Amino acid sequence: MTGAAVAARFYARPTEEVARGLLGHILVSDVGGRRRQTAGRIVEVEAYTGPHDPACHAYGHRRTARTEPLYGPPGTAYVYFTYGMHWCLNAVTEPRDYPAAVLIRALEPIAGFATMRARRRKEPLCSGPARLCEALGVTGALNGMSLQRGVLRIVEGSKPKRGEILTGPRIGITEAADWPLRFYLKDSSWVSR
DNA sequence: ACGCAGATTTTCT
DNA sequence: GAAAATCTGCGTT
C-alpha cells in the first residue's frame, strides 16, 4: 500500500464528519512485518462524540489510564479491550484534549488474505470491530500510536459518492444506542450484521 | 434461520 | 461484584 496517509488535520474536526469521511479510506497494517501486510477499505464506522455522549468511554470527562489516548492528538489509535477477549480499534478525533473517536466496525479486505485467514481461521475476515482487529493483528500494543506513520496507518482511498453513505443507530451499546452515529456504505456486502 | 450462553479481563461502583 | 462499543458454538425451529 503506497497511498498517502490521511493527515492529522483530517481528524481534527467534528467526530461525525470524520466518521463519514473515513468511509472509503484504507486501513493498512504492517504488524508482523511488511511481508505480512494486511489492508482493507473502511466500509462501516461509528462516532463516539465526546464527554456529552453517554456511550463514549470518556462520558462526563472520565479521564483514566484507559481513556487517556482519547485526549491525545487527532489521528491517534485508541485500542481498547472488551468482553474479556476482544480488541477494538478507534481513530481519535477533534483537537487534543477533546476526548472523542471513531470506531472502525468493518473493512472490505483488499490485501494480505492469507495472513488474515491464518490469524482468524474463520469467515468473515473483517466484518465486525473485533474481527478486523484479529485479521489485521491489532492489539493493545498499538494503543496510543499515530495512524499517520508506523505499523498501523490510514491512507487515502476512494471517496464514496453522495447518497452511497447510509446512517443508522449504533450497535452493541445500551446508552444512547439510538443516536444515528453509525455510518456505512450502501451496497457493501462487507458491513457487519 | 434464530436464540442463548460462555469466554475472560479491565474498569469502575 | 457487575458490566462491558463482541464473537462463537451449540441448541432448537
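Predicted model, so just to flag it, every value in this text is computed and none were measured. In what follows, every chain begins at residue 1, and chains take the letters A, B, ... in the order their sequences are listed.
At least one cation-pi condition fails for A:R13 and A:Y11: the charged atom is not both under 6.0 angstrom from the six-membered ring centre and inside a 45 degree cone around its axis.
Each of A:R153, A:R149, A:R36 was scored for a salt bridge (Lys or Arg N to Asp or Glu O under 4.0 Å) with A:D30, with one residue passing: A:R153. Across A:E134, A:M116, A:R120, a single residue satisfies side-chain contact (heavy atoms from CB on, under 4.5 Å) together with A:C126, and that is A:M116.
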>> Pair A:E164, A:D187 - check side chain to side chain contact (heavy atoms under 4.5 Å, CB included), show working.
In response: CA-CA 8 Å; A:E164 208 182 338; A:D187 292 316; 5.6 Å; no
> A:Y80 and A:H86: ring pair (Phe, Tyr, Trp, His ring centres under 6.0 Å), yes or no, with the steps?
Replying inline: CA-CA 8 Å; A:Y80 70 89; A:H86 295 302; over 10 Å; no
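Between A:E68 and A:R63 there is a salt bridge, with a side-chain nitrogen of the basic residue lying less than 4.0 Å from a carboxylate oxygen of the acidic one. A salt bridge links A:E46 with A:R105: the closest approach of a Lys/Arg side-chain nitrogen to an acidic carboxylate oxygen falls below 4.0 angstrom.
Across all non-hydrogen atoms, the minimal contact from A:A19 to A:V45 is O-CG2, 3.4 Å.
Under the 4.5 Å side-chain criterion, counting only non-hydrogen atoms from C-beta, A:E156 is in contact with A:V6. Counting heavy atoms from C-beta outward, A:H25 and A:V155 have side chains that stay 4.5 Å or more apart.
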>> Counting Watson-Crick and G-U wobble pairs with both distances under 3.5 Å, what is the dot-bracket string for DNA chain C, 5' to 3', using [ ] for crossing pairs and | for pairs to another strand?
In response: ||||.|||||||.
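From the 5' end on, the contacts that DNA chain C makes with chain A at under 4.0 Å to a non-hydrogen atom open and close at C:dA4 to C:dG9.
Along DNA chain C, the nucleotide nearest to A:Y48 and the one nearest to A:P124 differ in position, and the one closer to the 5' end is contacted by A:Y48.
Of the residues in residues 80-95 of chain A, A:F81, A:Y83, A:G84, A:M85 come within less than 4.0 Å of DNA chain B through at least one heavy atom, sorted by number.
Outside the 6.0 Å centre-distance limit, the rings of A:H61 and A:Y98 are not counted as a close aromatic pair.
Across all strands, A:R131 comes closer than 4.0 Å only to sugar-phosphate atoms, never to a base (heavy-atom distances). Among the heavy atoms of the strands lying under 4.0 Å from A:A55 is at least one base atom, whether or not backbone atoms are also near.
Nucleotides C:dA5 and B:dG3, compared at atom P, are 22 Å apart to the nearest Å.
One can place CZ of A:R193 at 12 Å from P of B:dG3, the figure rounded to the nearest angstrom.
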